[in-house]
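Report on the following structure.
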Amino acid sequence: MYRTHHCNELRKSDIGRTAMLAGWVHVRRDHGGVIFIDLRDREGLTQVVFRPEENADLATQAHHLRHEDVIEVEGKVSARVPGTENAKLPTGDIELVPNQLRILNRADVLPFPLDAEGTNEDLRLSYRYFDLRRPQMTRNLRLRHKVTKATRDFLDEKGFLEIETPILSKSTPEGARDFLVPSRLIKGKFYALPQAPQQYKQLLMVGGIEKYFQIAKCFRDEDLRADRQPEFTQIDIEASFVVPDDIFLLTEGLLAAVFRASRNVEIPTPFPRLTYAQAMDEFGSDKPDRRFGMHLTDLADTFRSSSFKMFRGALDAGGAVKAINAKNFASLTIGQSDELTAMAKQYGAKGLAFIKVESGEWKSPIVKFFSEAETEALRSKLHVEEGDLILFAADKWEVVCEVLGRIRCRIAEMQQLTVGSDQLDFLWVTDFPLMAFSAEENKWNAVHHPFTRPKDEDIAKLEAQEFREVRAQAYDVVLNGVELGGGSIRIHEPDLQAKIFAALGVSEEDQQAMFGHMLRAFRLGAPPHGGIALGLDRIVMLICGEESIREVMAFPKNNRGIDLMSHSPSDVDQRQLRDLGIKLTGEQPPSAN
RNA sequence: GGAGUCUUAGCUCAAUUGGUUAGAGCGCCGCCCUGUCACGGCGGAGGUUGCGGGUUCGAGCCCCGUAGACUCCGCCA
C-alpha cells in the first residue's frame, strides 16, 4: 500500500489520525531547520512538515528532496500552528507530520518549470508525459472524460448502442487524402484508415441496429491547423426512421447534457436555425459567429441606379453590394487597414472601399460619388454614427459575402469583441447545397459526402441537372463561429444513389468497384436513416477555453504531423518493407528527423 | 505549394544607432536560515545568440541562404 488518502482529502476533522500519502514533491521550502514539502497528486496539495527535533534522520533526508521526486510519507495529521493556516488550500488547515519517508523515485533537473505558462510548445510536446502534470492539462483531460462520459450516458439513455467499426478499412476516392496501410497477406493492396465511419454506420442501419453511436477515431492525411490533427475523435451518431428534426432534438439534448456535465451550465434549446443562404447573406460564413454584430447589409436597393460605377457595375452584372459597420473602429491603424485590404484581395475582391466617420465627417475617397439620397440611405441602413468604420464590397454575391464575412471576423479579433466572453451561441445551419462545382477538376463534388440526401422538393432539379440549385438535407451545428459537427439524412434508395454518383462523375464501373456493397445493401431493405458527427476535440477545446485542440489531446502531433516525443513517423526496418512488398523510391532523404 | 511571425543560458525574456567581457528573473550547485506556503539571505556554475555565408575596423542587431516552431491560405467528401 502506498497511500490511505489523496492529497486533497485530509481536513480538520482528520486531525490526530495516521495517514499515508504518495505523490510528487511540488515545492520544497527548506528553512535549514524545519522543512516544508507541498506534496502533489492529481487531486491537489498537502503540506508535509519535517522537524529535525522530532526526527533528525527524516529531516536530513527531506533536505535532499528535489522538485518532482516521487515520495511516500506516513505520519500524523496535525493542526497547523495557529495563525499559519493557508486559506488558499483546501487542505490548508492541516499538515502531515511524517514518521516515515520513502523516496520512490528521484527526478532529474526539470526540462521546464511546471508552474509557468508560455513554455515553447515543441518542448512541451517533446516531454508530453511531463507536461501533462500541469494542472491545466490534467483539468483538460478530466473535462474531456466528463464529456465522453456524459455522451455515453445520454445516448445510452436514448437507446443508442455503442458499436465499434473497423480501423483497417477501405480507401475511397472522395474526400480527404487517406492514410494507407499496406496489406502483407495480399501484397500490393492497401487498407485505408477511416476518415469517418460513414459507410459502416449506414450499413449498421441496414443491419437493423436503428440507433448507433461511437466515440470514433478518424484519420485524414491533410495539412494540420490549430483545430485539425491527422487523427481526431468524432462523436458519431446514426439513426433509422429519422427526419432532420429528430437529429436536431437529439443533438441539442446531447450538447445540453455535455455542457451541464462539464461546465455546469444550462444551454438554451432548441438552437436557432439559419439556412446556408441566410448565413452567407447575413454573416458571410456558413459557421457564423453571432456574438458580435457587424451584419452584412445589402445595399442593392440603394445603389441600383447609382452613378458610382464600381457599385452600379457590380449590380448590373448580377452581383451584390454589401457593407458592414465596424462600430468604433474608425481609429484603425494604417497597418490594420492594409491587412484588411490584403485580405479582401486574397478572397477575390478587387479592393476594399471604406468610410471613416470622424469629427462628424465621412472620410473616404468614394463619398464624393454618392448622391444625397444614397448617403442618407447608408446612414439609416447601417446606423452610421461618429467613430464608425463602414466597409464595402461590390462583386459577385459569393465573393462579397466571403470577403465581408472574413473581414467581419478579423475586425472582431482586432477589436477583441469576444475576449472574456462566456456567451455560448449555438445554432444550426441547414439547407446546404448538395454539390459544388470544382473549377480545378472541372466537375461537381459533393459538399457533404456522396450519400447525402437531396431535399425532396429539389430532386426534380437534380434530374434536370441544375446541380447548383439542389439543396441537401444536410446541417451543421455551430458554436461561437466554430463548426462543432455536421450531418445529413442519407440516401437509402439504390436508384437515387446511382443518380448522385452519376452527377458526381463516378462511372457505373467505379460505382460497383468502390461502392458496390453500399448499392447492394440499399437493395436489401435499407431503412430511411440519417445522423450527425460532432468533433469531440473541438467541443472539449471550447469547453476548456483553449485555442488549440492539441491542448485537449493527451499526445498530439505538431504542425507537420510529427510526434516530437516518440519521433513518429520514423524509418522502418528493410525487412518490414520486404514483408509488405514495398520498395522506397529514394526520392526522400532517409530520415526526416 | 504559398504568406506571415518567431528562434539569445535548462525555462521565460532583455541587450539604445552596428561598439568594451551578451544581462535579468526563475531553475540548477554550494553555504546559511526552525512556521513557510512564489519562504528568505550570501556565493557560484551555466552562452558556437538555430545553422551556413556575406557586408563592416567591429554583427545578437544589417543582407543572402538554410533549418525548425507557430498562425493563416490552399487542402480538410
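Computed over heavy atoms, backbone and side chain alike; hydrogens, waters and symmetry mates excluded. Given the structure is predicted, the values throughout are model-derived calculations rather than measurements. Order of the sequence lines sets the chain letters (A, B, ...), proteins ahead of strands, with each chain counted from 1.
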Using a heavy-atom cut-off of under 4.0 Å over every strand shown, decide if [X] touches base, sugar-phosphate, or nothing.
{"X": "Arg406(A)", "value": "sugar-phosphate"}
{"X": "Gln195(A)", "value": "nothing"}
{"X": "Phe451(A)", "value": "nothing"}
{"X": "Asp223(A)", "value": "base"}

Where protein sits on nucleotides 4-11 of chain B, one letter per nucleotide: B base, S sugar-phosphate only, - none, heavy atoms under 4.0 Å: ------SS
Nucleic acid footprint by protein, nucleotides 34-48 of chain B - heavy-atom cut-off 4.0 Å, B for base, S for sugar-phosphate alone: BBBBSB---------
Write down the distance between [atom1] ([X]) and [atom2] ([N]), rounded to a whole number of angstrom.
{"X": "Glu547(A)", "N": "C72(B)", "atom1": "CD", "atom2": "C1'", "value": "14 Å"}
{"X": "Arg560(A)", "N": "G68(B)", "atom1": "CZ", "atom2": "C1'", "value": "7 Å"}
{"X": "His567(A)", "N": "G68(B)", "atom1": "NE2", "atom2": "C1'", "value": "14 Å"}
{"X": "Arg410(A)", "N": "C72(B)", "atom1": "CZ", "atom2": "P", "value": "11 Å"}

Asn140(A) and Glu546(A): side chain donor to acceptor below 3.5 Å: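 A pair is found: one side chain offers a donor N or O, the other an acceptor, under 3.5 Å apart.
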Side-chain H-bond candidate by donor/acceptor type, Arg490(A) with His449(A), under 3.5 Å: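 Side-chain D/A pair, Arg490(A) to His449(A): present.
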Any residue meeting salt bridge (charged side-chain N to carboxylate O under 4.0 Å, His left out) with Arg124(A), in chain and number order, not counting sequence neighbours: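 Salt bridge (charged side-chain N to carboxylate O under 4.0 Å, His left out) check on Arg124(A) returns Asp131(A), Glu551(A).
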Ring geometry between Tyr276(A) and Phe432(A) (parallel below 30°, tilted from 30 to 60°, perpendicular above 60°):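 Tilted, since the angle between the ring planes falls between 30° and 60°.
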Which residue lies more 5' along RNA chain B, comparing Ala196(A) with Arg225(A) via nearest heavy atoms: Arg225(A)
First of Leu125(A) and Gln198(A) reached from the 5' end of RNA chain B, by closest nucleotide: Leu125(A)
Under 3.5 Å donor-acceptor, Glu222(A) side chain and Arg177(A) backbone: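 Yes, the answer is positive, given that a donor and an acceptor are paired below the 3.5 Å cut-off.
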Arg80(A) side-chain N/O to Glu95(A) backbone N/O, donor-acceptor pair under 3.5 Å: no
Contact list for residues 502-516 of chain A, test salt bridge (Lys or Arg N to Asp or Glu O under 4.0 Å), sequence neighbours left out: none
Polar pair under 3.5 Å, donor/acceptor by atom type, side chain Arg220(A), base C76(B):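 No.
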Side-chain heavy-atom pair Gln214(A), Leu204(A) within 4.5 angstrom cut-off: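 SC-SC contact between Gln214(A) and Leu204(A) ruled out.
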Within residues 474-481 of chain A, residues whose heavy atoms come under 4.0 Å of RNA chain B: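 By residue number: none to list.
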Give the table of side-chain donor-acceptor pairs shorter than 3.5 Å for residues 471-481 of chain A, with sequence neighbours excluded, one pair per line with atom names and distance.
from: Arg471(A); atom 1: NE; to: Asp458(A); atom 2: OD2; distance (Å): 2.8
from: Arg471(A); atom 1: NH2; to: Asp458(A); atom 2: OD1; distance (Å): 3.3
from: Gln473(A); atom 1: NE2; to: Pro454(A); atom 2: O; distance (Å): 3.2
from: Tyr475(A); atom 1: OH; to: Ser488(A); atom 2: N; distance (Å): 3.4
from: Tyr475(A); atom 1: OH; to: Ser488(A); atom 2: O; distance (Å): 3.2
from: Tyr475(A); atom 1: OH; to: Gly531(A); atom 2: O; distance (Å): 2.9
from: Asn480(A); atom 1: OD1; to: Asp425(A); atom 2: N; distance (Å): 2.8
from: Asn480(A); atom 1: ND2; to: Gln423(A); atom 2: O; distance (Å): 3.1

Side chain to side chain contact (heavy atoms under 4.5 Å, CB included) evaluation trace for His26(A) with Leu39(A): CA-CA 6 Å; His26(A) 189 62; Leu39(A) 189 65; over 6 Å; no
